[in-house]
Q: 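The structure that follows is given in the form of structure tokens.
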Amino acid sequence: MKDTIISLLNEALATLKRRGVVPEDTSPAIKVDPTKDKAHGDYASNLALMLAKPAGKQPRELAELLIDALPKSDAVRKVEIAGPGFINVFAATDAVARIVPAILDAGDTFGRSLTGAGQKVQVEFVSANPTGPLHVGHGRGAAIGDCLCRLLEATGYDVTREFYYNDAGAQIANLALSVQARVKGLTPDDGAWPEDGYRGAYINDVALGYLAGDTVDADDQHVTAAADGDDLEAIRRFAVAYLRREQDLDLKAFGVEFDVYFLESSLYSENKVEETVQRLIAGGHTYEQDGALWLRTTDFGDDKDRVMRKSDGAYTYFVPDVAYHLNKWQRGFKQVIDEQGADHHSTVTRVRAGLQALEIGIPSGWPDYVLHQMVLVTRSGVEVKLSKRAGSYVTLRDLIDEVGRDATRYFLAARRADSQLTFDIDLARSQSNDNPVYYVQYAHARVCSVMRRAESDGLPFDLAVAREHLALLEADQEKALMNRLARFPEVVEHAAASREPQQIAQYLQDLAADFHTCYNAVKVMVDDGATRNSRLALGLATRQVIRNGLDLLGVGAPEEM
RNA sequence: GCGCUCAUAGCUCAACCGGAUAGAGCAACGGCCUUCUAAGCCGUAGGUUGCAGGUUCGAGUCCUGCUGGGCGCGCCA
């Protein structure tokens, strides 16, 4: 419908150009928006306002000329000029209703597009160090990252989900020492406990597994414990694998799976870090000072230069980061999105600067970043800070166990990434209309219930009958619902392009509201077969779009509540 | 102090590359189940979009300054 209007306006515009009313060289991006107020029709365009200046005419006068030049179409019932010069289009009922069979025919593919044209895009997210269970912040990253991937897949991209983890470094050494202390029977309260050691209860589980000689099969690691308390390297390997497996189980429970786990240690073992350093030196943006090697990141917008190689010979953390991203580039990802916590935002400038300094043609804005703000968890209005297992933070597993996967995913993905999120456990648990997840799922279940009723009444849905009588869907509530359904593809498109999964959640709220309104206003199971089947068709189309939308969020669509 | 980010109804949040009278839900109040799931619907009330300027036909949206919250600012990761 929207496309129809755009093409009609385009023809009108061409006519005005021929008549010399509008200069030939003006080509405004014609914008047609669904109206907020149904008194303004179904769609409105600001074309006349856009053309006013180049044409040197009053917007309302131009709008009139445009409408006169508009080709006749049976999809349009009425066109009006309103306000400062908006062109309001009232769609013919049967034209609006065409969306219903279109959705039913498209099924699961409704809302999908080929925009991405099969281009490769990589999304890196979660990327937690294997030093403990995933926390809520990781959960937010997992929800946003995975939904982004689903959105990109739905818009035709070839998506790779990647998880990068630091399995080398100081934090891992600390992990190994902590586990070793437990292996030797120490507790965090003992004086001999390692300084800054990990104190969570899970460390003891790792130690017990190690002493028992357990074998761990993580996604990419298979380690059998040496059970030797003095072999720190063996403890390290076991602990990393153990916690990787634990994180993996958390992610599976959350419905998130990765295509690639990338080990930081591989960058060292394959000499990629050293190679990157040599390239940076060759690029000419480095210098030696105070016994250290510096990268002149100020050449690329940083506020001060950064040390690459410390005077003790070790590299600072962002050097392997640059090496890692060079590797992504070399793997052919022209589009990369890094989803991470906003507490790491200072790495953005550094990594990009490092990539620029390579002087190998990487665009300055590459990679893309989506940064999410912190998550605060509350129960009974009070902040929850601790979990039994991790000690110092609330784990993702705690939330999944307590409020369920669907609600957890929905809540974590339903807010803009760059605003702080308060996760209200009571709200997420509540089986009531306070809870947005249930509100949407209930709409889906309601359609299913009507369909069951149709079956049990011996009046099964007949699509052929529905197709003949779609013009019967003429109640205001039905039209509003159909207009909403028709918008789904562009909502998906926009959410993907702007990297904002929460737009899908918002849309589903609106769609569910339109449906519930319709449900209460218009009875489906009426005696007249033509009316009944067209209404059933509208219900089925709604169910399909809710299902498709929930699937983009990774949330289930139950058939009954 | 510098940088990034956020600020919208009492609360939690929307507002689709700048569009018409800023929208939902919750909380409050009043209605609707002998009819398909009342986990729902309808109605009432609730706003100087943090403050002050600017850009223009038009600003919650873009620009500048300020105030307040979060995060970051190490030869830590």
Side-chain angles (χ1 to χ4, degrees), chain A residues 29 31 33-37 39-40 44-46 49-50 52-53 58-59 82-86 88 129 166 169-172 264 289-294 302-304 306-318 320-321 341-349 371 373-374 376 414-422 424 427 430-436 438-439 441-443 445-454 456-457 477 487 490-491 493-495 497-498 500 502-503 505-507 509-510 512-513 515-526 532 535-536 539 560-561:
Chain A
K31 202 173 153 190
D33 290 323
T35 53
K36 290 171 189 162
D37 184 341
H40 298 144
S45 177
N46 63 347
L49 295 163
M50 304 287 286
K53 190 161 278 184
Q58 293 300 315
F86 289 99
N88 291 339
N129 289 341
N166 172 336
Q171 295 187 43
I172 298 298
E264 186 190 14
Q289 185 181 304
D290 303 328
L293 179 65
W294 295 69
D302 204 352
D303 52 359
K304 61 174 98 162
R306 305 291 168 178
V307 170
M308 295 169 57
R309 189 171 55 219
K310 298 182 274 183
S311 50
D312 68 2
Y315 293 114
T316 53
Y317 74 95
F318 87 97
D321 252 13
D343 53 340
H344 291 103
H345 69 71
S346 63
T347 66
V348 174
T349 310
L371 305 178
Q373 295 286 337
M374 53 174 280
L376 180 74
R415 299 267 178 276
R416 292 172 54 102
D418 53 17
S419 66
Q420 293 165 42
L421 169 62
T422 299
D424 182 337
L427 178 59
S430 72
Q431 308 250 317
S432 75
N433 55 357
D434 309 2
N435 190 332
Y438 286 91
Y439 185 78
Q441 289 183 326
Y442 180 48
R446 257 187 159 173
V447 178
C448 294
S449 172
V450 175
M451 294 311 294
R452 285 192 296 270
R453 179 61 172 253
S456 66
D457 285 359
Q477 295 90 341
R487 291 183 56 187
E490 57 176 295
V491 170
E493 199 70 46
H494 191 265
S498 58
E500 294 189 352
Q502 93 280 353
Q503 291 182 10
Q506 183 66 37
Y507 172 82
Q509 293 291 306
D510 294 339
F515 171 75
H516 288 308
T517 294
C518 209
Y519 181 90
N520 279 276
V522 180
K523 186 168 163 59
V524 176
M525 292 305 293
V526 294
R532 184 179 66 246
R535 289 177 183 169
L536 281 169
E560 32 190 332
M561 302 294 283

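Chain A is the first sequence line, chain B the second, and so forth, proteins listed ahead of strands; every chain is numbered from 1. Quick caveat, the model's predicted, so the values are computed rather than measured. Reckoned from all heavy atoms, side chains included, excluding hydrogens, waters and symmetry mates.
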Q: Which residue, Arg415(A) or Arg453(A), contacts RNA chain B at a nucleotide closer to its 5' end, judged by nearest heavy atom?
A: Arg415(A)
Q: If you check the Ala82(A) side chain, which of A15(B), U37(B), A20(B) turns out closest?
A: A20(B)
Q: Taking the side chain of Met525(A) as its heavy atoms from C-beta onward, which of C36(B), G70(B), A77(B) lies nearest to it?
A: C36(B)
Q: Watson-Crick or G-U wobble partner for C66(B), using a 3.5 Å limit on both distances?
A: G50(B)
Q: Is any N or O donor-acceptor pair between the side chain of Tyr317(A) and the base of A77(B) shorter than 3.5 Å?
A: yes
Q: Is the glycosidic angle of C33(B) within 90° of 0, making it syn, or outside that range, making it anti?
A: syn
Q: If you measure from the ring centre of His345(A) to the centre of the six-membered ring in the base of G72(B), is it under 5.5 Å, with the planes under 30° apart?
A: no
Q: Work out how far the C1' atom of A24(B) is from that of A9(B), and round it to whole angstrom.
A: 11 Å
Q: Identify the nucleotide, in any strand shown, that forms a Watson-Crick or G-U wobble pair with G10(B), with both distances under 3.5 Å; if there is none, say none.
A: C26(B)
Q: Of the options A14(B), C41(B), C36(B), whose atoms approach the side-chain atoms of Gln506(A) most closely?
A: A14(B)
Q: Between A28(B) and G70(B), how many Å separate the two P atoms, rounded to a whole number?
A: 31 Å
Q: Is the phosphate of G74(B), meaning OP1 or OP2, less than 4.0 Å from a side-chain N or O of Lys304(A)?
A: yes
Q: Tell me which nucleotide, if any, is Watson-Crick or G-U wobble paired with A45(B) when both distances must be under 3.5 Å.
A: none
Q: Taking C-beta and beyond as the side chain, do Arg306(A) and Thr316(A) meet within less than 4.5 Å on heavy atoms?
A: no
Q: Of all the nucleotides listed (C6(B), A77(B), G19(B)), which has the minimum atom distance to the side chain of Arg416(A)?
A: C6(B)
Q: Any N or O donor-acceptor pair under 3.5 Å from the base of C73(B) to the side chain of Ser346(A)?
A: no
Q: Under 3.5 Å for both donor-acceptor distances, Watson-Crick or wobble: does G72(B) have a partner, and if so which one?
A: C2(B)
Q: Do the side chain of Asp290(A) and the main chain of Ala292(A) share a donor and acceptor less than 3.5 angstrom apart?
A: no
Q: Please state the C1' separation for the pair G60(B) and U21(B) - nearest whole angstrom.
A: 15 Å
Q: How many angstroms lie between atom CE of Met451(A) and atom CE of Met525(A), to the nearest 0.5 angstrom?
A: 8.5 Å
Q: Do Val526(A) and Arg535(A) have side-chain heavy atoms sitting under 4.5 Å apart?
A: yes
Q: Do Val450(A) and Tyr519(A) have side chains that get closer than 4.5 Å, going by heavy atoms?
A: yes
Q: Can you identify which nucleotide, out of C75(B), A20(B), G70(B), has its nearest atom closest to the Val307(A) side chain?
A: C75(B)
Q: What's the gap between G46(B) and A52(B) when it is taken at their P atoms, as a whole Å value?
A: 23 Å
Q: Rounding to the closest angstrom, what is the interatomic distance between U64(B) and A20(B) at atom C1'?
A: 28 Å
Q: Any donor-acceptor pair, under 3.5 Å, between the side chain of His516(A) and the base of C41(B), if you only look at N and O atoms?
A: no
Q: Ring stacking, Phe86(A) with base of G19(B), under 5.5 Å and under 30°?
A: no
Q: Could you state the atom-to-atom distance from CG of Asp424(A) to C1' of C13(B) in whole Å?
A: 13 Å
Q: Establish, with yes or no, whether the OP1 or OP2 oxygen of U37(B) is under 4.0 angstrom from a side-chain nitrogen or oxygen of Tyr438(A).
A: no
Q: Does C76(B) have OP1 or OP2 sitting under 4.0 Å from an N or O in the side chain of Lys310(A)?
A: yes
Q: Should A20(B) form a Watson-Crick or G-U wobble pair with both distances under 3.5 Å, which nucleotide is its partner?
A: none
Q: Would you say Arg416(A)'s side chain and Gln502(A)'s backbone share a donor-acceptor pair under 3.5 angstrom?
A: no
Q: Would you say C13(B) has OP1 or OP2 under 4.0 Å from some side-chain N or O of Ser419(A)?
A: no
Q: If you assign each of Asn129(A) and Asp343(A) to its closest nucleotide in RNA chain B, which residue comes earlier from the 5' end?
A: Asp343(A)
Q: In whole Å, I'd like the distance from the CZ atom of Arg446(A) to the C1' atom of A38(B).
A: 7 Å
Q: Tell me whether the side-chain N/O atoms of His344(A) come closer than 4.0 Å to OP1 or OP2 in C71(B).
A: no
Q: If the cut-off is 4.0 Å, is Arg452(A) near the phosphate of U37(B), judged by side-chain N/O to OP1 or OP2?
A: no
Q: Searching all strands shown, indicate the nucleotide that pairs with G60(B) (Watson-Crick or G-U wobble; both distances under 3.5 Å).
A: none
Q: Please report, rounded to the nearest Å, how far the P atom of C6(B) is from the CD atom of Gln502(A).
A: 12 Å
Q: Report the nucleotide, chosen from G69(B), C76(B), C42(B), that has the shortest atom-to-atom distance to any side-chain atom of Thr517(A).
A: C42(B)
Q: Say you draw a straight line from CG of Asp457(A) to CZ of Arg532(A); how long is it, rounded to the nearest 0.5 Å?
A: 8.5 Å
